[in-house]
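All remarks here apply to the structure that follows.
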Amino acid sequence: MLRAGLVGLAFSLPLLALSSPDSAAERRAPVDYLATCRNISAAISNKSQVFFPLALQYIADNAHFATSSSDLSACSVEPGTPEDVSVIVSLPGGGHSLNPGFSSTKGVQISMTRFNQVTVNSSAGTVDVGSGLTWDQVYEALDGTGINVVGGRVPGVGVAGFTLGGGYSWLSSQFGLTIDNIAAYQLVLPNGTITTVTKEDEDLFFAIRGIVTRFTLVSHPQGEVWGGLIIYGAIEIDAVKAAISTFLQADDPKAALLVNFNFIPPGPLFITVLVFYDGPTPPPGIFDGFMSIPRLQFGVSSGSFVDFIKGLPASDPLSGTRGRFNAISFPSYPESVIDAFINETTTWGEKLTGLDLGLFLSYTLEPFDQGLLTHGPPSAYPADRSIFAQPSDIYFAWGDPANDDVMTDALHQTTAALHAAGLAQGEDLSDVPVYPNYALADTPLENMFGANIPRLQALRKEYDPADVMVLAGGFRF
Ligand SMILES: *[C@@H]1O[C@H](CO)[C@@H](O)[C@H](O)[C@H]1NC(C)=O
Ligand SMILES: *[C@@H]1O[C@H](CO)[C@@H](O)[C@H](O)[C@H]1NC(C)=O
Ligand SMILES: *[C@@H]1O[C@H](CO)[C@@H](O)[C@H](O)[C@H]1NC(C)=O
Ligand SMILES: *[C@@H]1O[C@H](CO)[C@@H](O)[C@H](O)[C@H]1NC(C)=O
Ligand SMILES: *[C@@H]1O[C@H](CO)[C@@H](O)[C@H](O)[C@H]1NC(C)=O
């Protein structure tokens with residue numbers, strides 16, 4: 001999912017689901033990026049640094065999770081203080097060639113890796129988290145403190161993009177999305193002003209415009225947890241379906257589940273299940289089905305939250321892989337919809353087998369408690385919190401750039417087929433929001449942000465009249 005180290009802007013989070021090759025940067029008048037890089041280098045403090053091609057840090061700052069979203073920048077800059085971020089965006093030429101996002105740029109790549117502090121504020125019941133961290137680093141820092149925050153579910157997920165997109169966590173059925181657990185954002189506005197935004201600043205809190213340097217997260221008590229990864233072969237599909245249905249009936253917000261239907265040529269599909277309970281042992285019933293099925297691999301145990309996270313597969317796949325996500329959300333997962341997920345995995349897996357040596361397909365069900373969206377104030381996403389929806393993620397990975405169009409087209413088709421299966425079952429999908437962190441780049445804004453779009457457009461005009469942040473890639477207002 002998200003790449004560590006690079007800052008996320010609000011609504012610029014589609015990660016790999018990115019951006020057309022001809023970015024806004026190229027549509028603008030040509031800019032002398034190297035001169036901009038030199039100007040930045042001269043203006044920033046010694047806490048920050050500019051790196052040029054061939055420097056190791058330049059390579060690290062430009063590395064993207066999937067090569068399909070890589071482009072080489074003129075330089076990278078690692079600001080070390082909010083003041084230097086402010087200097088960078090305020091420089092002539094600076095703002096117009098920056099890319100503080102997950103997409104690629106030919107201008108200046110900003111890496112936020114130096115914003116890497118985790119600070120517990122026990123009197124306030126909050127934790128300050130630098131925007132350059134990954135969630136596993138945050139959990140590691142909190143290990144042993146008895147508290148935790150609501151963040152990413154697998155190793156390697158970056159704090160900034162995950163949070164600004166919404167943030168579905170192992171703890172979300174209990175405490176809501178990650179954005180519902182933000183007490184404050186430290187932000188550098190597009191005009192260079194450094195500010196701390198809280199719920200009182202309604203507009204900016206609703207539509208973060210600028211570069212986030214620090215998140216202040218509400219903390220929750222955390223003891224031992226139970227969970228891990230289990231892999232089943234295709235032969236167990238009916239037993240797994242029965243186990244999912246038992247889980248869905250359990251209705252315990254401390255319990256969470258991710259089910260992935262996966263395909264690697266030549267098949268057949270296999271199923272990876274990630275189970276979680278916020279306690280040392282789950283009550284009987286909820287996960288019993290999963291425990292009794294014969295499996296290919298079993299890694300479930302009790303222990304610390306950080307050890308549970310570290311035992312899960314990382315979000316970064318093999319380097320050299322091209323990949324795209326797409327998103328679809330369902331108010332419920334009836335058996336016919338689960339069957340459609342299984343059928344899509346197998347049908348597309350078999351259809352695409354032979355086309356690409358690096359083929360890997362994964363369809364994910366993410367069931368949550370009905371109360372999921374009741375924990376936070378209105379936010380850009382999800383547009384309407386009265387509509388309960390569970391995000392599903394479809395991930396296609398491949399090796400050959402020549403297959404980009406075929407794979408992206410297949411992703412569209414398979415998403416449409418799942419949508420049709422939901423409708424056929426009588427699900428009302430008309431206003432169910434699509435999760436922007438998983439959505440393909442051409443997803444209509446209406447599908448994610450609905451009735452919030454006019455307000456978001458107005459706020460963009462107000463806080464970013466010069467369109468500085470347009471170069472961050474991702475969804476635009
Ligand atoms: C960095 O700059 C500060 C003030 O500008 C100075 O006091 C400090 O010695 C410098 N540190 C290094 C390592 O150059
Ligand atoms: C770099 O700074 C110089 C001196 O301030 C200025 O004349 C020039 O336009 C700047 N270059 C860019 C590309 O911003
Ligand atoms: C803890 O948070 C409170 C409330 O926001 C704040 O006033 C205080 O300065 C913070 N303490 C530290 C050490 O940051
Ligand atoms: C399986 O999926 C394919 C591709 O979407 C579709 O054409 C076919 O009708 C589906 N089969 C069933 C039994 O639903
Ligand atoms: C920067 O933008 C903010 C928000 O629009 C505004 O309040 C502030 O006055 C601006 N600062 C400058 C120096 O223009």
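What's counted below: heavy atoms across the whole structure, side chains too, no hydrogens, waters or symmetry copies. Whatever order the structure lists ligands and atoms in, that order sets their numbers, starting from 1.
Interface atoms of ligand 5 facing Tyr463, defined by a heavy-atom separation under 4.0 Å, are 4 (C), 5 (O). Listed by number with element, the atoms of ligand 5 under 4.0 angstrom from any heavy atom of Thr193 are 1 (C), 10 (C), 11 (N). Per-residue contacts place Ala417 under 4.0 angstrom from the following atoms of ligand 4 (heavy atoms of the residue considered): 5 (O).
Protein heavy atom in closest approach to atom 9 (O) of ligand 3: Asn121 ND2, 4.7 Å. The single protein non-hydrogen atom nearest to atom 10 (C) of ligand 4 is Asn343 ND2, 2.5 Å, given as residue, atom name and distance. Of all protein heavy atoms, the one lying nearest to atom 11 (N) of ligand 5 is Asn191 ND2, 2.9 Å.
Remark: atom 2 (O) of ligand 5 lies closer than 4.0 Å to at least one protein heavy atom. Closer than 4.0 Å to atom 14 (O) of ligand 4 lies at least one heavy atom of the protein. The protein reaches atom 5 (O) of ligand 5 closely, with a heavy atom under 4.0 angstrom from it.
At a 3.5 angstrom cut-off on N or O pairs, Ser123 does not count as close to ligand 3.
In this structure, Ile40 and Cys37 have side chains that are not in contact, with every pair of non-hydrogen atoms separated by 4.5 Å or more.
Under 4.0 angstrom from ligand 4, there are no non-hydrogen atoms of Gln413.
Ring orientation note: the planes of Phe261 and Phe341 are tilted relative to one another, at an angle of 30° to 60°.
With ring centers used as reference points, Phe215 lies under 6.0 Å from Tyr185. Aromatic rings of Tyr435 and Tyr168 (six-membered ring for Trp) have centroids within the 6.0 Å cut-off, being under it.
Salt-bridge formation is detected for the pair Asp180/Arg385: a Lys NZ or Arg NE/NH1/NH2 atom is positioned less than 4.0 Å from an Asp or Glu carboxylate oxygen.
In this structure, a donor-acceptor pair under 3.5 Å is absent between the side chains of Thr193 and Thr195.
The side chain to side chain donor-acceptor pair (under 3.5 Å) check on Ser332 picks up Glu427, with sequence neighbours excluded. Residues satisfying the side chain to side chain donor-acceptor pair (under 3.5 Å) test with Ser219, not counting sequence neighbours, are none.
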